[in-house]
Colleague: 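First the structure, which I've put down as structure tokens, then a few questions once you've had a look.
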There are 2 protein chains.
Amino acid sequence: MKIDPTVLKSLPLFDRMSDRDLNAMLEHAVSRRVMPGDAVFEQGAPAKSFFLLLHGRLKVTQVTPDGQQIIVRMVHPGDLFGFAMALQRADYPGTAIAAAESLTLAWPTEMWSRFVEQNPRLAVTAMQTIGQRLEEAHTRIREMSTEEVERRVAHAVLRLSRQAGKQVDTGIRIDFPISRQDIAEMTGTTLHTVSRILSAWEARGIVEGGRQKLTICDPQKLLNLADRARS
Amino acid sequence: MKIDPTVLKSLPLFDRMSDRDLNAMLEHAVSRRVMPGDAVFEQGAPAKSFFLLLHGRLKVTQVTPDGQQIIVRMVHPGDLFGFAMALQRADYPGTAIAAAESLTLAWPTEMWSRFVEQNPRLAVTAMQTIGQRLEEAHTRIREMSTEEVERRVAHAVLRLSRQAGKQVDTGIRIDFPISRQDIAEMTGTTLHTVSRILSAWEARGIVEGGRQKLTICDPQKLLNLADRARS
DNA sequence: CGTATTCTTGACTTATATCAATGTCGGTGG
DNA sequence: CCACCGACATTGATATAAGTCAAGAATACG
């Protein structure tokens, strides 16, 4: 595998790791390019590997028994994903699909406990990562319990702009293709409602929409919507 | 501290630990009795300790900036709780309140990393614990996104009966005082709606209510409500 | 007992889903 | 290069689940 170790070194997850350990890890890694719409792994499949996203953007989805889909989270460059073994289960709880062309690094599941036991520091860092994810999940539960749809969408869009925002001339552009349906699945609503909300915002000059595109023109107004109730 | 090590030994979290390590941990532990309504720690307070619940029942709550409360999770005997340090934060993200008289064991936060580094096995187990919690959170998000209130309440009640159910003559009784308001805060709805739902179920012989009481008489019917949509 | 929670129930309102068209974009192939 | 197709988006009309408002009743507790 020809992966530049300095790329990994820049990630908080690995920055405390020695060069020797890092190279040992890379020895076992397999990289793979994933095209938009392709799955890295599927819900329910045996968890043969765990992954690191080097470049691109993934969405992790789950489908309910009756066929409804939700987006569990977005995976951004530098994120570990698909470590089902940490959850003590043999299969992946969700499906990881590329939203944009992506580059992943994969390790065999068996290596996880070896790496962790050899390198307790990695264990601590990994735990903090899951902890953060748990906190994000609680935030989402809190929002879904207490906020009406418009505020939830405002929060979701603001998060996206922080995690995947790219400065362009008219504002901050979400840097990967995202549909109304996607936003609906992230906030627990329908694409119709999202469409109406974004249309209203566009009329007020807060955002600029488009087919699988979204640009935030006035982050301040969006923050107001998200924080104070009923504007 | 006079705590019987065999009690801890029976918990999955500690069963692989040597007697020596276990005793070393207990050396630093402080036990405390908590009366119903009392808080073990408060949201936003500095995370001085992490805890283990030996006996009783706690609810972990969060309040939103505008004063609405939600129940993040219930803590059952044997559960670790309040380990904010794993989330890499210095304060508690929620408040832990005793629902019934409880007995907790507390360690100073600083000890966590020491224990973990001395005992990698503990790290792995702890990570699995957080992982399970993450999965529970995702389940809740999925339910809140796709299910109507009655099914969510059904799922919540079934979970309670699994985690805190006690066989009594008329069915399975939730073994701690729980109000309609509590169930509402666990499912993202209002106490009115919960009350109506429980009344309807009582009329159908599925449950038996009461002030801060709840008994499941017909788990099968409840499962039907939870699984199949619109009965 | 009386006082304070907790619970129930009815009437009304509203946010949001659902149903149903129609419009628009962007890529593919003729 | 244009035309067409499929995916995505918009928007109106209507339905409805669940929230809000408002009393009252039941239960526990001091």
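Throughout, a chain's letter reflects where its sequence line sits, starting with A, and its residues are numbered from 1.
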Colleague: Just how far, in rounded Å, is P of D/dA26 from CD of B/Glu202?
Modeller: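 Taking CD of B/Glu202 and P of D/dA26, I get 14 Å after rounding.
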Colleague: Taking 4.0 Å as the cut-off, does a side-chain nitrogen or oxygen of B/Ser199 come that near to OP1 or OP2 on C/dT9?
Modeller: yes
Colleague: Report yes or no: is there a donor-acceptor pair, N or O only, under 3.5 Å between the side chain of A/Arg152 and the base of C/dT16?
Modeller: no
Colleague: Whole angstrom is fine here: how far is it from CG in B/Leu191 over to C1' in D/dA25?
Modeller: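 My rounded result for the distance is 15 Å.
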Colleague: Indicate whether OP1 or OP2 belonging to D/dA28 is found under 4.0 Å from a side-chain N or O atom of B/Lys213.
Modeller: yes
Colleague: Between atom CD1 in B/Ile197 and atom C1' in D/dA18, what is the gap in whole Å?
Modeller: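 About 9 Å, once rounded to whole Å.
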Colleague: Is the B/Phe81 to B/Phe50 ring centre distance short of 6.0 Å?
Modeller: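 No, the ring centres sit 6.0 Å or more apart.
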Colleague: Taking only N and O in the side chain of A/Thr189, is any of them less than 4.0 Å away from OP1 or OP2 of C/dT16?
Modeller: no
Colleague: Once you round it to whole Å, what is the distance between C1' of D/dT20 and CD of A/Glu148?
Modeller: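 Nearest whole value for this atom pair: 14 Å.
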Colleague: Does the pair B/Arg89/B/Asp91 count as a salt bridge with the N-to-O cut at 4.0 Å?
Modeller: yes
Colleague: Does B/Ser195 reach a base, just sugar-phosphate, or nothing at all? Heavy atoms under 4.0 Å.
Modeller: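 Base contact - B/Ser195 has a heavy atom under 4.0 Å of at least one base atom.
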Colleague: So, is B/Thr193 near the phosphate of D/dG19, with a side-chain N or O under 4.0 Å from OP1 or OP2?
Modeller: yes
Colleague: Starting at the 5' end of DNA chain C and moving along, which residue's nearest nucleotide shows up first, A/His192 or A/Arg211?
Modeller: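 On the 5' side of the pair lies A/His192.
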Colleague: Quick test of your reading of the model: are A/Glu150 and A/Arg196 salt-bridged, counting only N-O distances below 4.0 Å?
Modeller: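 Here A/Glu150 does not pair with A/Arg196 in a salt bridge, since their nearest N and O are not under 4.0 Å apart.
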Colleague: How close do A/Gln43 and A/Gln62 get, counting heavy atoms only, and between which atoms?
Modeller: OE1-CA, 3.5 Å
Colleague: Between A/Arg73 and A/Asp79, is there a salt bridge with N-O shorter than 4.0 Å?
Modeller: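 Salt bridge present between A/Asp79 and A/Arg73.
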Colleague: Would you mind telling me which of D/dT11, D/dC8, C/dC7 lies closest to the side-chain atoms of B/Ser179?
Modeller: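 Nearest listed nucleotide: C/dC7.
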Colleague: What's the CD-P distance between A/Glu150 and C/dT14, to the nearest Å?
Modeller: 17 Å
Colleague: Roughly how many Å is it from CD1 in A/Ile183 to C1' in D/dC8, rounded to a whole number?
Modeller: 13 Å
Colleague: Between C/dA15 atom C1' and A/Met144 atom CE, what is the distance in whole Å?
Modeller: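 Taking atom C1' of C/dA15 as the reference, CE of A/Met144 is at 16 Å.
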Colleague: D/dG6 P sits how many Å from A/Gln181 CD, rounded?
Modeller: 19 Å
Colleague: Can you tell me whether the side chain of A/Arg180 and the base of C/dT24 have a donor-acceptor pair closer than 3.5 Å?
Modeller: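 Such a pair does not exist between side chain and base.
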